[in-house]
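Down below is the structure, laid out as structure tokens.
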Amino acid sequence: MTDEQKQTNFIREIIDEDLKNGKNDGRIHTRFPPEPNGYLHIGHAKSICINFGLAQDYNGKCNLRFDDTNPVKEEDEFVNSIIEDVDWLGFDWKNGPLYASDYFDQMFDYAIKLIKLGKAYVDDQSGNQIRETRGTLSEPGVNSPFRNRTTQENIDLFQQMKNGDFGNGEKVLRAKIDMSSPNINLRDPILYRILHATHHRTGNKWCIYPMYDWAHGIEDSIEGITHSICTLEFEAHRPLYDWFLEQLEVFHPQQIEFARLNINYTVMSKRKLKLLVDENHVSGWDDPRMPTLSGLRRRGYTPESIRNFVDKTGVVKRNGVSDIALLDHSLREDLNKKAIRVMAILNPLKVVITNYPENTTEEVDCVNNPEDESAGKRKVPFSREIYIDKSDFMEDPPKKFFRLGLGREVRLKHAYYVTCENIIKNENDEIIEIHCTYDPKSKGGWSNDGRKVKGTLQWVSVQHALNAEVRLYDSLFLNESPEKVEDGKSFLDNINSDSLVINNNCKVEPSLINAKIGEYYQFMRIGYFCADKDFTSNNPVFNKTVGLRDSWGKKQK
RNA sequence: UGGGGGAUCGUUCAAUGGUAGGACACAUGGUUUUGGUCCAUGGAAUCGGGGUUCGACUCCCUGUCCCCCAGCCA
């Protein structure tokens, strides 16, 4: 599937049909309606891509609208992060951002209208009473004793609720539908509850706040949304959505539900992510192990890779769990095109090239990205003493080991061929240094005498090396389905205690002193890395975004 | 238990009465100054049982399994 020819799906088919029938005058208008009570995660990214993507492809519009109907959970910190994330993902909204709270007056008027229609009433029952009289899955509910108040009484009481004459929980406004409906959502749902709380935008203007079911359709209607796309759990709410708009006789958008995104080896509920943050299992919402957009961004994921991944997961009504490997693949696919190749040594082993002149530095030419000629070249200093990675040397290696061993010759990328002549060990019999000789005729890392070198290693000059801290990440959870736990256990018991390994004795090439946040690097033969927000020139810090595919490492298992 | 949805390779998405196909993952080989990239090849599926039809993933009947709903959350 290429960018040009997007895969169709059932939502696009509905839209195509609507367009064919001239519905809404051919207008396509969607919206992304997050509640600002937490940070966005990659599941939200799917909704964002669907809604904004539809608007783009059908020449329509997509609103960013904050569904801020619950002041006790919502904060400006979250609206700011959401705006940043949607922007980073690469989408923009023409008008807005919009807020449900901007429509509170209109919603109140509509509620009065519903009361006048005889379709809503003020209920004095307590929360417990309301729950107990709602019935169960198999038994109908019973009518509230307050269900048949007069219109005027309801209007007066509702007005008093608004005026602050009652305390939290003393009264609610309910729709008068059907307490015996097989669909529990239709058993006189609550429209307004009393909440004496300061709202992040309306302050103390209101002490009654609308419930989701009442508010959402009105928000969509006011904005002229044509297709109101949400996740599967709202399917049973659609009859309510439709009922309100029918009673109100206002513009009626179409609600369409799709299956939310799930990914294995992670959790995707705001509640659980918040718990990870609050209990300090991670460093914050933007911890690079989090599936939040801010976490993925800090980890080094590109917006393109996330968009491509989302496209690959499709839009369906069937619940499923996508493989994290598909995300990794989308990431590598994008990073392979973009990342500048640099040389870095995670576990340094000193190499002395005994026949190389002392006190000499050579600048060798290095290609920045073999996949992108326009990325150009850079110079990297080479000298008599270099570091290679410990894993690239074995004293007595097996035949299939294409790296350095005693008596073996390898290529130092972009530099020379070297042959290991000698090994220096400490008193514990550990290799602390190796001595090699180089072939001056192999400059550039190549010879035309038909010689075959089995391996190519990255290296960093000892004298010029930049010391760096590298943070290596692994999956935050040990299990494919962290939420599936036996009784008495929680998903927190599945946390991988080795998900973060900090290595602060890494040696990287000097050019990385200028590494910038937002730049993508490939540490050659290791993986993709990026500068962390903690990066300073005194203490360079890099995050491992994802490893390179490793068919050698795989064989070792 | 009432209502609402859903079941296709290991995973994910196609096929809308006419050869079950792609991607990821996996395996094998080739290319390679990254054991990367790239290229090639391979194995791998229609939930079960009936029926309609020349022909069924698709239509009908029946069964099974999975998800969602009993917040003054969204």
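We name chains A, B, ... by the order of the sequence lines, and we start the count at 1 in each one.
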Spacing of the [atom1] atoms in [M] and [N] (rounded, Å):
N     : M     : atom1 : answer
B:C69 : B:U16 : P     : 34 Å
B:G42 : B:C54 : C1'   : 34 Å
B:G22 : B:U62 : P     : 37 Å

Is the phosphate of [N], meaning OP1 or OP2, less than 4.0 Å from a side-chain N or O of [X]?
X        : N     : value
A:Lys317 : B:C67 : no
A:Arg403 : B:G35 : no
A:Thr313 : B:C13 : no
A:Arg549 : B:U37 : yes
A:Arg187 : B:C69 : no
A:Ser126 : B:C72 : no
A:Arg318 : B:C13 : yes

Please say whether the positively charged group of A:Arg149, taken as NZ for Lys or CZ for Arg, lies over the ring of A:Tyr121, i.e. under 6.0 angstrom from the six-membered ring centre and within 45 degrees of the axis.
->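 Cation-pi check for A:Arg149 and A:Tyr121: fails.
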Donor-acceptor pair between A:Thr419 and A:Arg408 side chains, under 3.5 angstrom |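 Per modelled atom types, A:Thr419 and A:Arg408 side chains form no pair under 3.5 Å.
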